[in-house]
Amino acid sequence: MSIAENIAALRARMEAAALAAGRDPSEILLCAATKMNDAERVKEAVAAGVDCCGENRVQELVQKQPLGAYEGKPVHFIGHLQTNKLNKVVGKVDLIQSVDRLELLEAVNRTALRLGLKQDILFEVNVAAEPQKGGFTPEEALALAGKLGDYPGVRLRGLMAIPPISVKKGDNCKYFAKMRNLYIDIAAKKYDNVSMVCLSMGMSDDFEDAIAEGSTMIRVGTAIFGPRHYS
Ligand SMILES: *Cc1c(COP(=O)(O)O)cnc(C)c1O
């Protein structure tokens, strides 16, 4: 199957999942997780109508962006981000989804202020409390959202989560529901510099569950591009 055919099939499944949950399919955006796919393949996905692209590695972003890989669609950063690479990311991407620690929030804020811009961000939440993964606890995310007024170089636009690999349907529903509740709680506080407009959760193996539980953006790699070949 071509990338365009994969995306068409994915859109049909997204729509069915939204309707089954009583949701409007247009509420749910498709972010192509483009890691390990070159600029030509990313362009194919953009032409076939994904809503945005998400890069994991600064090196790949820096390679593909000058080739016009994302042209016409927003590009997001979705991977682990080191503070010494922020010059290549802040102001270069529409959204940093993976702000996963206080040190990174502070560094993104400083870099954005120095560049004279506002960087949109999401907080990454380690919703299943997995020791090997980054991310705020739900309690930390809530508390820090209340302090966003102190960070005028960023705007908090929502939350992102990467729960454990879903082995069978339904496995991650409890984590997705926890994320939705946190998202609603933060939105209800009407904190300065915070607007909850993006709840990024769901990947190739669990996006239907994520949509059922309130996701507004799924990040999909394998189901668009096929399996990645790690060497
Ligand atoms: C790779 C990746 C995805 C997509 O994973 P698939 O299982 O291939 O759909 C989503 N989010 C992040 C942060 C990723 O790194």
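When a residue number appears, it is its place in the shown sequence, counting from 1.
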Original post:
Going from CG on Leu148 to OG on Ser195, what distance comes out if it is rounded to the nearest 0.5 angstrom?
Top reply: 10.0 Å
**OP:** Determine, stepwise, if the pair Asp209 / Lys168 fulfils salt bridge (Lys or Arg N to Asp or Glu O under 4.0 Å).
**Re:** CA-CA 10 Å; Asp209 288 341; Lys168 60 178 196 307; over 6 Å; no
Original post:
Do Asn87 and Arg114 have side-chain N/O donor and acceptor atoms under 3.5 Å apart?
Top reply: yes
**OP:** Salt-bridge test for Lys147 and Asp150: reply yes if a basic N is under 4.0 Å from a carboxylate O, no otherwise.
**Re:** no
**OP:** Group every Ile, Leu, Val, Met, Phe, Trp and Tyr by side-chain heavy-atom contacts under 4.5 Å, then state whether Leu115 and Leu105 land in the same group.
**Re:** yes
Original post:
Between Leu156 and Ala145, which heavy-atom pair has the shortest distance, and what is it?
Top reply: CD2-CB, 3.9 Å
Subject >> Close side-chain approach of Gln97 to Glu124, heavy-atom, < 4.5 Å >> reply: no
**OP:** Could you grab the distance from atom CG of Asp192 to atom OH of Tyr151, nearest 0.5 Å is fine?
**Re:** 14.0 Å
Original post:
Is Lys118 reaching over with its side chain to a backbone N or O of Ala112, donor-acceptor style, under 3.5 angstrom?
Top reply: no
Original post:
So do the side chains of Ile211 and Arg23 get within less than 4.5 Å of each other, counting heavy atoms only?
Top reply: yes
**OP:** Please check if any side-chain donor atom of Arg219 sits under 3.5 Å from a side-chain acceptor atom of Ser200, or the reverse.
**Re:** yes
Original post:
Do the non-hydrogen side-chain atoms of Val75 and Cys52 ever get within less than 4.5 Å of each other?
Top reply: no
Original post:
Has the side chain of Asn172 got a donor or acceptor atom that lies under 3.5 Å from a matching backbone atom of Pro164?
Top reply: yes
Original post:
When rounded to the nearest 0.5 angstrom, what distance separates CG in Leu10 from CD1 in Ile224?
Top reply: 5.5 Å
Subject >> Carboxylate-amine/guanidinium proximity below 4.0 Å for Glu40 and Lys43 >> reply: yes
Original post:
If two hydrophobic side chains count as joined below 4.5 Å and joins carry through other members, does Leu182 share a cluster with Leu122?
Top reply: no
Original post:
Checking side chain to side chain contact (heavy atoms under 4.5 Å, CB included) for the pair Asp120/Ile96: CA distance, chi angles, key distance, verdict?
Top reply: CA-CA 6 Å; Asp120 282 349; Ile96 301 175; over 6 Å; no
**OP:** State whether the side chain of Glu60 and the backbone N or O of Arg57 hold a donor-acceptor pair below 3.5 Å, judged by distance alone.
**Re:** no
Subject >> Pair Ser98, Asp100: side-chain N/O donor-acceptor within cut-off below 3.5 Å >> reply: no
**OP:** I would like to know whether Met196 and Val194 meet side chain to side chain contact (heavy atoms under 4.5 Å, CB included); could you show each step before the answer?
**Re:** CA-CA 6 Å; Met196 289 284 117; Val194 175; 3.6 Å; yes
Subject >> Asp171 vs Asp206, side chain to side chain contact (heavy atoms under 4.5 Å, CB included): CA-CA, chis, key distance, verdict >> reply: CA-CA 8 Å; Asp171 276 352; Asp206 59 12; over 6 Å; no
Original post:
Below 4.5 Å, heavy atoms only, C-beta onward: do Phe225 and Val220 meet side chain to side chain?
Top reply: no
Subject >> Nearest heavy atoms of Pro163 and Val127, plus distance in Å >> reply: CB-CG1, 4.2 Å
Subject >> Interatomic spacing from OG1 in Thr83 to CZ in Arg110 - rounded to 0.5 Å >> reply: 8.0 Å
Original post:
Just checking, any donor-acceptor pair under 3.5 angstrom between side chains of Glu55 and Thr34?
Top reply: yes
Original post:
Which pair of non-hydrogen atoms, one from Glu15 and one from Pro25, has the smallest distance, and what is that distance?
Top reply: CG-CG, 3.8 Å
**OP:** Can you measure from CD1 (Ile218) to CG (Leu199) and round to the nearest 0.5 angstrom?
**Re:** 12.5 Å
Subject >> Met160 vs Phe123 side-chain heavy atoms within contact, under 4.5 Å >> reply: no
Subject >> Residue pair Leu95 / Pro74, side-chain heavy-atom distance below 4.5 Å >> reply: no
Original post:
Out of curiosity, does Met179 fall in the hydrophobic cluster containing Ile78 (side-chain heavy atoms, cut-off under 4.5 Å, transitive links)?
Top reply: no
**OP:** Write down the atom of Asn6, the atom of Ala223, and the distance for their closest heavy-atom approach.
**Re:** CB-O, 3.3 Å
Original post:
Is a donor on one side and an acceptor on the other found under 3.5 Å between the side chain of Glu140 and the backbone of Thr137?
Top reply: yes
**OP:** Could you pull out the closest heavy-atom pair between Asn56 and Phe77, with the gap in Å?
**Re:** O-CZ, 3.1 Å
Original post:
Hey, what do you get for SG (Cys53) to NZ (Lys73), rounding to the nearest 0.5 Å?
Top reply: 9.0 Å
**OP:** Determine whether Leu144 and Leu113 fall in the same hydrophobic cluster, where Ile, Leu, Val, Met, Phe, Trp and Tyr are linked whenever their side-chain heavy atoms lie under 4.5 Å apart.
**Re:** no
Original post:
Between Val93 and Tyr70, is any pair of side-chain heavy atoms under 4.5 Å apart?
Top reply: no
Original post:
Going by the side chain to side chain donor-acceptor pair (under 3.5 Å) test, which pairs reach into residues 173-191, not counting sequence neighbours?
Top reply: Arg180-Glu213
Original post:
Above 12 or not: heavy atoms from other molecules or residues under 6.0 Å from CD of Gln59?
Top reply: no
Subject >> Whether Arg228 side chain and Met36 backbone form a donor-acceptor pair below 3.5 Å >> reply: no
**OP:** From the options Val90, Leu104, Val99, select the one residue that forms a side-chain contact (heavy atoms from CB on, under 4.5 Å) with Ile121.
**Re:** Val99
Original post:
Do NZ/NE/NH1/NH2 and the carboxylate oxygens of Asp38 and Lys64 come within less than 4.0 Å?
Top reply: no
Original post:
Hey, any chance Val108 and Val89 share a hydrophobic cluster, counting ILVMFWY side chains that come within less than 4.5 Å of each other, even indirectly?
Top reply: yes
Subject >> Note: Arg157-Asp94 ion pair, threshold 4.0 Å (strictly below) >> reply: no
Original post:
What do the steps show when you test Arg41 against Glu44 for salt bridge (Lys or Arg N to Asp or Glu O under 4.0 Å), and what is the final call?
Top reply: CA-CA 5 Å; Arg41 291 170 63 77; Glu44 266 185 77; 5.3 Å; no
Original post:
Does Leu30 reach the side chain of Met217, with side-chain heavy atoms less than 4.5 Å apart?
Top reply: no
Original post:
Under a 4.0 Å N-O cut-off, is there an ion pair linking Glu208 with Arg13?
Top reply: yes
Subject >> Lys88 NZ: over 12 foreign heavy atoms closer than 6.0 Å >> reply: no
Original post:
Side-chain donor-acceptor pair under 3.5 Å between Glu27 and Thr216, yes or no?
Top reply: no
**OP:** Taking all non-hydrogen atoms of both residues into account, name the closest pair between Gln63 and Pro66 and its distance.
**Re:** O-CD, 3.4 Å
